[in-house]
Novice: 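Just passing along the structure, written as structure tokens.
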Amino acid sequence: FEYLKDRKWPSWMPVLLAGVGALLYLIQAVVYAHTTVSSLDEGSYLIKGIFYWHGVYEPFQPYGPLTNKAPFAFLIPGLAEYLFGPGLRTGRYFSIFLGLLTIVGVWVAARRWAGKWMAAGTVWVFALSPMIIKLYARTVSEVVIACLLAWMCVLVLDDERPLWQIILGTVLASLAVMTRQNMVLMLPLLVLYVFWQHGRQKGIWSFVTAASVFLAVHAYYWPNILTIWTPWLPSSLTPFLDVFRIPGDSTPVWDPAIDFWNRTNAFFQGMRYHFIALVGGIFAIMFWSPRSNWKSASAMRAAVFLALSYFILFAMHAWAALASQYESYSCVFCFSNYLTFFDPLGILLFVIVVSAAWNKSPSRIVQGLAIVFIVLFSAGIGFSLFENVGKEILNLSVPRMRDGQFLPGTTALVDIIKYRFALELPVIKRLISSLIGFMAGVGVLIIAFIVWRRAKNAPKRLNFALIAVNSYLVIGLILSPVLNLGESSINCKQDMILAHEQLGTYLSEIIPSNSLVYWDGGNAFTPMVYVPNVRIFPVQINDGYTYRIGGDPETLHRFSHWNSELNEEWKNSADVFIIEAKRFSSWKDFLTPQDFEEYAPPPAAPTCYEGGELRIFHRNP
């Protein structure tokens, strides 16, 4: 970037570069929107959102849909559906719009602190991250939060922000908390920053605004909104909240046993999918200059706020996903998705530190830590890529050896490791991929060393650790699509939005109005968004994640959960059954020809995966 700044470029060049990056993002987002299979969360946000806006149910309503997130997680996408019509197309196009708005917000904030070229670079961080694009192209709350936080930074960070911007930025932060309760610490951090940077008067306005929005939403949904906070609070210390907790006399079906190595894998997946935001943020802390070397006090304050916000949120989500089972539906491999909530904070932290306080004379301890980090982190990245180790690498020909002596001929690498160390194939893949990652890290250091040696006679000697760090970040940015392997692939060749619309039209035509529909059509409830004039069992929207073994049926139903007794009751009362083809074997004894008739097969399936077709039955009169 220093080289770019020294050149006499036309003023429009970095803007054009940013525009090309945004266009590349948009193209990828549209492709992913039309080819990605819908998920449980997406179906949940879509159908609950439209239910809430039409008044069919209320958030936190007993016996209604499970409102396991703060209400705006459903109300924001629901508003788009309410205005533009329900459906997957509305939800995903709205998410693409929010994704672009996020990029613009980060670009505006970065440009303010670091100039046009660094701002253009932030756009390319998103454009070269297929995993983030793919997630932001779906109707999920991650893109909503990222957009709110990006524009919060635009409105609040910097000197002399007008009062109306402070208030609006605080409102956006409050909405983020009321979209996902896991953002709750953003409010006190933001209010403290406003007091620190903008003074007492604006700090008071920020506090009053945050408190007003937070309390108003809680007052409206009181007292059942407390159900989203009880998982955070030890029951032994808050027995007065037991009325808002599911009794412990039932056991969740969803309780996966994820071992240490898979949790480690999930951790490094998150690290590589968010390489610039996370690694850039870590290096920003490592190469943090003393206070006297900052270009301005406002830059230092903004960086402190971003660093605290980013790494506190990182630690919270790492604990929730990887180290804890604080809810029955905790998701270890959702860790990488969780980090997309606050990517804008990590990116802006790196931008501000690089532009205002990048320490070009770090201590030897910092230099050593940076070098060790590059090697170890690269090995971790390789570890998390083990599923991409294919036959070409496993069957790589290597010399045969025995007792330290080379033998004639060659053998496959996998056989050498397997028979020499008696390891299983998954362990062998992890070993090989970790070694490849380690070698890549060493390769970066070798490149940095060559550059350092060639610059040895320059008037101002360059620091080897800084060259290594810069090389690592540049190579990581360029290779971001490679680092995103595993989440960047296109799910389906056919158009999933069109398939849902065709399926939805068919369902609305064949299912009589006011029919009671039992859903076992897959974990994504999305197709039912197109059938507004029927009744459902709303607890089923969250599929098996709300199903429990044992427990009192009435109590579970009130908490929007279910068990075998409720299941039998619903099966006996439903008029129409929608069954996923691969699940039909468990229904054969119930859906007998004497009692049920099957409709003609739908013209489209909600997925391209085998067994994802729907079979629809209605009860005979």
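Residue numbers run from 1 in the order of the sequence given. These numbers were taken from a predicted model, which means no experiment stands behind them.
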Novice: Going from CG on Leu345 to CD1 on Ile312, what distance comes out if it is rounded to the nearest 0.5 angstrom?
Specialist: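 The distance works out to 11.5 Å.
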
Novice: Please find the pair of heavy atoms, one from Ala302 and one from Ile352, that lie closest to each other, and give the distance.
Specialist: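 The pair with the smallest heavy-atom distance is CB-CD1, 4.0 Å.
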
Novice: For Ser355, does its backbone N or O pair with a side-chain atom of Lys295 as donor and acceptor, under 3.5 Å?
Specialist: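 Pair found, side chain donor or acceptor close to backbone of Ser355.
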
Novice: Report yes if the side chains of Thr526 and Ile47 come closer than 4.5 Å at any heavy-atom pair, otherwise no.
Specialist: no

Novice: Of the options Trp113, Trp358, Trp288, which is the one that meets Trp294 in a ring pair (Phe, Tyr, Trp, His ring centres under 6.0 Å)?
Specialist: Trp288

Novice: Pick from Asn484, Leu278, Val482, Leu385: which one makes a side-chain contact (heavy atoms from CB on, under 4.5 Å) with Arg272?
Specialist: Leu385

Novice: Heavy-atom distance under 4.5 Å between the side chains of Arg89 and His34, does that happen here?
Specialist: yes

Novice: Would you say that more than 12 heavy atoms from the other residues, nucleotides or ligands in this model lie under 6.0 Å from the CZ of Phe97, or not?
Specialist: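 For Phe97, atom CZ is not crowded (no more than 12 foreign heavy atoms under 6.0 Å).
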
Novice: When rounded to the nearest 0.5 angstrom, what is the spacing between CG in Leu24 and CG in Leu128?
Specialist: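 So the CG of Leu24 and the CG of Leu128 are separated by 7.0 Å.
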
Novice: For a 4.5 angstrom cut-off between non-hydrogen side-chain atoms, does Phe341 reach Leu149?
Specialist: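 Not in contact.
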
Novice: Can you spot which of Tyr82, Phe72, Phe74, Phe84 makes a ring pair (Phe, Tyr, Trp, His ring centres under 6.0 Å) with Trp53?
Specialist: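 Only match with Trp53 under ring pair (Phe, Tyr, Trp, His ring centres under 6.0 Å): Tyr82.
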
Novice: Assess whether atom CZ of Phe207 is packed by more than 12 heavy atoms of other residues, nucleotides or ligands within 6.0 Å.
Specialist: no

Novice: Starting at CG of Leu98, measure out to CD1 of Ile76 and round the result to the nearest 0.5 Å.
Specialist: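 So the gap between those two atoms works out to 8.0 Å.
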
Novice: Are Phe373 and Phe283 an aromatic pair, judged by ring center distance below 6.0 Å?
Specialist: yes

Novice: Do the side chains of Gln197 and Ser298 get nearer than 4.5 Å, heavy atoms only?
Specialist: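 Touching, per the 4.5 Å side-chain cut-off.
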
Novice: For the backbone of Arg161 and the side chain of Lys202, can you confirm whether one donor and one acceptor N or O come within less than 3.5 Å of each other?
Specialist: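 Side chain of Lys202 to backbone of Arg161, a donor-acceptor pair under 3.5 Å: yes, one is there.
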
Novice: Considering only heavy atoms from C-beta outward, does the side chain of Ile475 approach that of Ile447 to under 4.5 Å?
Specialist: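 When only atoms from C-beta onward are counted, Ile447 and Ile475 do touch, with a gap below 4.5 Å.
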
Novice: If you round to the nearest 0.5 Å, how far is NZ of Lys134 from CD of Glu487?
Specialist: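 Here the rounded value is 5.5 Å.
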
Novice: Check Val106, Val156, Val104 against Trp151 for a side-chain contact (heavy atoms from CB on, under 4.5 Å) and give me the one that passes.
Specialist: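 Checked Val106, Val156, Val104 against Trp151; only one passes side-chain contact (heavy atoms from CB on, under 4.5 Å): Val104.
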
Novice: Please determine whether the number of non-hydrogen atoms from other residues, nucleotides or ligands lying under 6.0 Å from atom CZ of Phe311 exceeds 12.
Specialist: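 It does: Phe311 CZ has more than 12 such atoms within range.
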
Novice: Taking side chain as C-beta onward, heavy atoms only, is Lys116 less than 4.5 Å from Met13?
Specialist: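 A side-chain contact is absent here, since even the closest heavy-atom pair is not under 4.5 Å.
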
Novice: Below 4.5 Å, heavy atoms only, C-beta onward: do Ile133 and Phe126 meet side chain to side chain?
Specialist: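 They are not in side-chain contact.
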
Novice: Give a yes or no on whether Trp222 atom CH2 has more than 12 heavy-atom contacts from other residues, nucleotides or ligands under 6.0 Å away.
Specialist: no

Novice: Should Asn359 and Asn293 be marked as a side chain to side chain contact (heavy atoms under 4.5 Å, CB included) after you check the CA-CA gap, both sets of side-chain angles, and the distance that decides it?
Specialist: CA-CA 8 Å; Asn359 188 352; Asn293 294 340; 5.8 Å; no

Novice: Holding to ring pair (Phe, Tyr, Trp, His ring centres under 6.0 Å), I want the full list of residues that pass it with Tyr273, two or more places apart in sequence or in another chain.
Specialist: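 Listed in chain order: nothing, the list is empty.
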
Novice: Enter the distance from Leu187:CG to Ser174:OG here, rounded to the nearest 0.5 Å.
Specialist: 4.5 Å

Novice: Check the pair Met286, Val469 against side chain to side chain contact (heavy atoms under 4.5 Å, CB included), reporting the backbone distance first and the verdict last.
Specialist: CA-CA 11 Å; Met286 283 188 181; Val469 166; over 6 Å; no

Novice: Taking atom types as modelled, find out whether Thr139 and Glu42 have a side-chain donor-acceptor pair closer than 3.5 angstrom.
Specialist: yes

Novice: Do Phe275 and Tyr472 have their ring centres less than 6.0 Å from each other?
Specialist: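 Yes, ring centres under 6.0 Å apart.
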
Novice: Do Ser309 and Tyr193 have side-chain N/O donor and acceptor atoms under 3.5 Å apart?
Specialist: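 Per modelled atom types, Ser309 and Tyr193 side chains form no pair under 3.5 Å.
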
Novice: Would Tyr136 and Thr340 count as having a side-chain donor-acceptor pair, cut-off 3.5 Å?
Specialist: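 Per modelled atom types, Tyr136 and Thr340 side chains form no pair under 3.5 Å.
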
Novice: When rounded to the nearest 0.5 angstrom, what distance separates CD1 in Ile27 from OH in Tyr32?
Specialist: 13.0 Å

Novice: For the residue pair Ser39 / Arg138, report whether a side-chain donor-acceptor contact shorter than 3.5 Å exists.
Specialist: no

Novice: Would you kindly say whether Trp205 and His198 are connected by a side-chain donor-acceptor distance under 3.5 Å?
Specialist: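 Their side chains do not contain a donor-acceptor pair, so the 3.5 Å distance test is not met.
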
Novice: Between Ser206 and Thr170, is there a side-chain donor-acceptor contact under 3.5 Å, judged purely by atom types and distance?
Specialist: yes

Novice: On a heavy-atom basis, which atom in Thr102 and which in Val143 lie closest, and how many Å separate them?
Specialist: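 So the two residues come closest at OG1-O, 4.1 Å.
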
Novice: Are Phe314 and Phe335 close enough that their ring centers fall under 6.0 Å?
Specialist: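 Yes, the ring centres sit under 6.0 Å apart.
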
Novice: With heavy-atom distances below 4.5 Å as the criterion, would you say the side chains of Tyr338 and Arg180 are in contact?
Specialist: yes

Novice: Determine yes or no for a side-chain-to-main-chain donor-acceptor pair under 3.5 angstrom, with Ser44 supplying the side chain and Leu40 the backbone.
Specialist: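 Not a single qualifying donor-acceptor pair exists.
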
Novice: Looking at every heavy atom in both Ile374 and Gly441, which two are closest together, and how far apart are they?
Specialist: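 Closest heavy-atom pair between Ile374 and Gly441: CG2-O, 4.0 Å.
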
Novice: Taking atom CG of Leu83 as the centre, does the number of heavy atoms from other residues, nucleotides or ligands within less than 6.0 Å exceed 12?
Specialist: yes

